[in-house]
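Data block below; observations after.
Being a predicted model, the structure only gives us computed values, none of them experimental. All chains are named by letter (A, B, ...) in the order of the sequence lines, taking the proteins before the strands, and each is independently numbered beginning at 1.
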Protein chains: 2
Amino acid sequence: MTGIRPRPPAKDLRRPELDELDERIVGILADDGRITNADLAATLDVAPSTAHARMRSLVDRGVITGFHASVDQELLGRGLQAIVGVTLRPGARHDSIVAFADEVRRLPQVLQLFFIGGSDDFLVHIAVEGASDVRQFVVEHLSAQRYVATTRTSIIFEYHRNAVAAPFR
Amino acid sequence: MTGIRPRPPAKDLRRPELDELDERIVGILADDGRITNADLAATLDVAPSTAHARMRSLVDRGVITGFHASVDQELLGRGLQAIVGVTLRPGARHDSIVAFADEVRRLPQVLQLFFIGGSDDFLVHIAVEGASDVRQFVVEHLSAQRYVATTRTSIIFEYHRNAVAAPFR
DNA sequence: AGTGAAACTTATTCCGT
DNA sequence: ACGGAATAAGTTTCACT
């Protein structure tokens, strides 16, 4: 048996404490993840070596979790996007739900998956070619699944993104 | 007077026609937008100059719309995310709605904004520090607005992203 | 369209402050 | 932590297949 620990020895594994320069760097890279370090430094009005060290630190500390190309889904042949709200059957076991969600998450049509509290259990953001593909996706991968109670599909007319959030659990 | 044209001269302003190599490049850059061209070429098993020309073409054709750093919102001091469904009052004029949505979109807490059809009129994906900030955001920027009829807030427990979609109207 | 090699630009390290 | 200068690595162009 272990004794009580009066206080964890103030040892935060990672505690970033972003200063103003860090925040500016995050903002610039969120907007243009491929800006050259020289341009980044010029924008910040610091030396390239400083900009570089700061950026590395942000990546190392996990503040910046990655860099990603954003893709025009329409030009990829997926001109229609939708959000599908899904409610699950009350009886489903937790690990069954996790396994099911994991499968949904891997489908190529799925852009994002949100597990939420409230009337729906999760939201799926998909991109497909046309209206019949929306229906097919919902029927095949959601409604027909044994853990799914209901679905509610909303077509997306317009989409804006200010930031790319890191996935989390 | 001009004669009839038996067929429009096959001149689509932009018709990408992605081949298999293009699609692989898009996939790789969607996952790692900062991979070096040398590594990209090695992965594709083509010469660096080829990989480079293909990538440039994808950007020029608008298939790839940008590169963005993804950011851990929690480490930025926004450890709580939510989706807020908003319904608008029936009577609102269209340009008033556009102006209102535009304001919402610019708020620093807003990660994404979806205009949708169905029971809600739009969905706002936000990241804030804590529960009280969710409430404050909804009350201040949504419920109190004259065009808003109802809101429905759902806390996000888990979030997965497979791709970064380009904004669109 | 794809390639290899040259020319150029940028990232990265290191050391001094 | 920051900056300057040297080095290493990468990008970009181009003549040729």
Side-chain angles (χ1 to χ4, degrees), chain A residues 10-72 74-77 163-164 166, chain B residues 9-72 74-77 164 166:
Chain A
K11 195 196 208 170
D12 305 329
L13 264 189
R14 280 298 103 130
R15 176 104 92 75
E17 279 302 315
L18 302 204
D19 66 13
E20 193 233 334
L21 188 56
D22 286 326
E23 304 219 343
R24 287 172 66 202
I25 293 173
V26 168
I28 292 166
L29 291 174
D31 181 62
D32 179 4
R34 273 209 154 181
I35 189 174
T36 65
N37 186 61
D39 286 353
L40 176 63
T43 304
L44 298 167
D45 203 46
V46 297
S49 49
T50 301
H52 184 257
R54 286 289 191 133
M55 183 193 110
R56 273 285 280 266
S57 164
L58 286 165
V59 173
D60 289 347
R61 286 183 286 169
V63 177
I64 291 172
T65 63
F67 295 89
H68 307 280
S70 88
V71 176
D72 185 318
E74 180 158 11
L75 294 182
L76 267 192
V164 177
Chain B
K11 196 195 205 166
D12 305 329
L13 263 190
R14 280 297 105 126
R15 176 106 90 75
E17 279 303 313
L18 302 204
D19 66 13
E20 192 233 334
L21 189 57
D22 287 325
E23 304 219 344
R24 287 172 65 202
I25 293 172
V26 169
I28 291 166
L29 291 174
D31 179 62
D32 179 4
R34 272 210 152 179
I35 188 174
T36 67
N37 185 61
D39 286 353
L40 176 63
T43 304
L44 299 167
D45 203 44
V46 296
S49 49
T50 302
H52 183 256
R54 286 288 192 131
M55 185 195 107
R56 273 283 281 265
S57 165
L58 286 165
V59 173
D60 289 346
R61 286 183 286 168
V63 178
I64 291 172
T65 63
F67 295 89
H68 307 281
S70 88
V71 177
D72 186 317
E74 180 159 11
L75 294 182
L76 267 193
V164 177

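Residues A:Asp22 and A:Arg61 are paired through a salt bridge, judged by an N-O separation under 4.0 Å between the basic side chain and the carboxylate.
In plain terms, the two heavy atoms of A:Ile35 and A:Asp39 that are nearest each other are CG1-CB, 3.7 Å. Shortest non-hydrogen contact noted between A:Ile64 and B:Ala69 is CG2-CB, 4.0 Å.
Residues B:Met55 and B:Val26 have side chains not in contact (no heavy-atom distance under 4.5 Å, counting atoms from C-beta outward).
Put simply, the side chain of A:Thr65 gets close to the backbone of B:Ser70: a donor and an acceptor are under 3.5 Å apart.
When the P atom of C:dA1 is taken as reference, atom CG of B:Leu21 falls 13 Å away, rounded to whole Å. Atom pair B:Arg56:CZ and C:dA1:C1' shows a separation of 16 Å (rounding to whole Å applied). Put simply, CZ on B:Arg54 is 18 Å from C1' on D:dT12, counting in whole angstrom units. In this entry the distance linking CG of A:Leu18 with P of D:dA1 reads 12 Å, nearest Å. Put simply, CZ on A:Phe67 is 13 Å from C1' on C:dA11, counting in whole angstrom units.
Taking the side chain of A:His52 as heavy atoms from C-beta on, and the options C:dT13, D:dT12, C:dG2, the nearest nucleotide is C:dT13.
Contact check of residues 25-49 of chain A against DNA chain C (heavy atom, cut-off under 4.0 Å) returns A:Thr36, A:Asn37, A:Ala38, A:Ser49.
Residue pairs satisfying the salt bridge (Lys or Arg N to Asp or Glu O under 4.0 Å) criterion with at least one member in residues 25-36 of chain B, sequence neighbours excluded, are absent.
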